[in-house]
Peer 1: 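Handing you a structure now.
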Amino acid sequence: MTEIEQVRHAAERGAILRTLKQDYQSEMTSISTLIGALDLRGISLSREGIGFHLQYLADQGYIRIWRVKDMPGFRSDRRLPGWEKPEVMKFTKLLPKGLLLLDGNIQEDAKVTF
């Protein structure tokens, strides 16, 4: 990955956290809503592209992700053709550690810039 790509990815992750902060009072934010809100900010990410960033942010403890398989009532034996795969990310939520990073109250993460 080039240095330019690393800088772009860090800025995209920062934009994701800033966007989720606006919805912090909510229980969770749908990935579709997040993609739309980022698009309004001029940051266009596909589901695959945002998934890459969300996984990093979740691994660092900044956000939580809910996948189809994590949703109440999910049963793998009742899947019908055309339903989403269980691994598909559906919702996310900014966690307190992510809020602390946004507010500058914990050590900076070089892979997330604001």
Peer 1: With a cut-off of 6.0 Å (strictly less than), are more than 12 heavy atoms of other residues, nucleotides or ligands near CG of Leu40?
Peer 2: yes

Peer 1: Measuring from Glu12:CD to Glu5:CD, what's the distance to the nearest 0.5 Å?
Peer 2: 10.0 Å

Peer 1: Side chains of His53 and His9, heavy atoms from C-beta outward: is any pair under 4.5 Å?
Peer 2: yes

Peer 1: Please walk me through it: do Arg47 and Ser32 pass side chain to side chain donor-acceptor pair (under 3.5 Å)?
Peer 2: CA-CA 8 Å; Arg47 270 198 171 269; Ser32 298; 3.1 Å; yes

Peer 1: Side chains of Thr33 and Asp23: closer than 4.5 Å at any heavy-atom pair?
Peer 2: no

Peer 1: Given Leu20, which partner from the list Leu102, Leu99, Leu94 fulfils the side chain to side chain contact (heavy atoms under 4.5 Å, CB included) test?
Peer 2: Leu94

Peer 1: Would you say Glu3 has more than 12 foreign heavy atoms packed within less than 6.0 Å of its CD?
Peer 2: no

Peer 1: Enumerate, atom names and distances included, each donor-acceptor pair closer than 3.5 Å involving a side-chain atom of residues 57-64, sequence neighbours excluded.
Peer 2:
residue: Asp59; atom: OD1; partner: Gln55; partner atom: NE2; Å: 2.9
residue: Tyr62; atom: OH; partner: Asp109; partner atom: OD2; Å: 2.9

Peer 1: With rounding to the nearest 0.5 Å, note down the distance linking CD1 in Ile43 to CD1 in Ile35.
Peer 2: 12.5 Å

Peer 1: Would you please name every residue forming a salt bridge (Lys or Arg N to Asp or Glu O under 4.0 Å) with Lys93, sequence neighbours left out?
Peer 2: none

Peer 1: Treating Ser26 as the side-chain partner and Thr29 as the backbone partner, does any N or O pair qualify as donor plus acceptor under 3.5 Å?
Peer 2: no

Peer 1: Rounded to the nearest 0.5 Å, how far apart are CD1 of Ile65 and CE of Met89?
Peer 2: 4.0 Å

Peer 1: Donor-acceptor pair, distance only, cut-off 3.5 Å: does the side chain of Thr19 make one with the backbone of Ala15?
Peer 2: yes

Peer 1: Is it possible for you to check whether Arg18 lies under 6.0 Å from the centre of the six-membered ring of Phe114, through NZ or CZ, and within 45° of that ring's axis?
Peer 2: no

Peer 1: Determine whether Asp103 and Lys21 make a side-chain contact, defined as any pair of heavy atoms from C-beta on separated by less than 4.5 Å.
Peer 2: yes

Peer 1: Quick check against the 3.5 Å criterion: does Asp70 have a side-chain atom that pairs as donor or acceptor with the backbone of Arg67?
Peer 2: yes

Peer 1: Would a 4.5 Å heavy-atom cut-off, applied to side chains only, mark Ile50 and Leu38 as touching?
Peer 2: yes

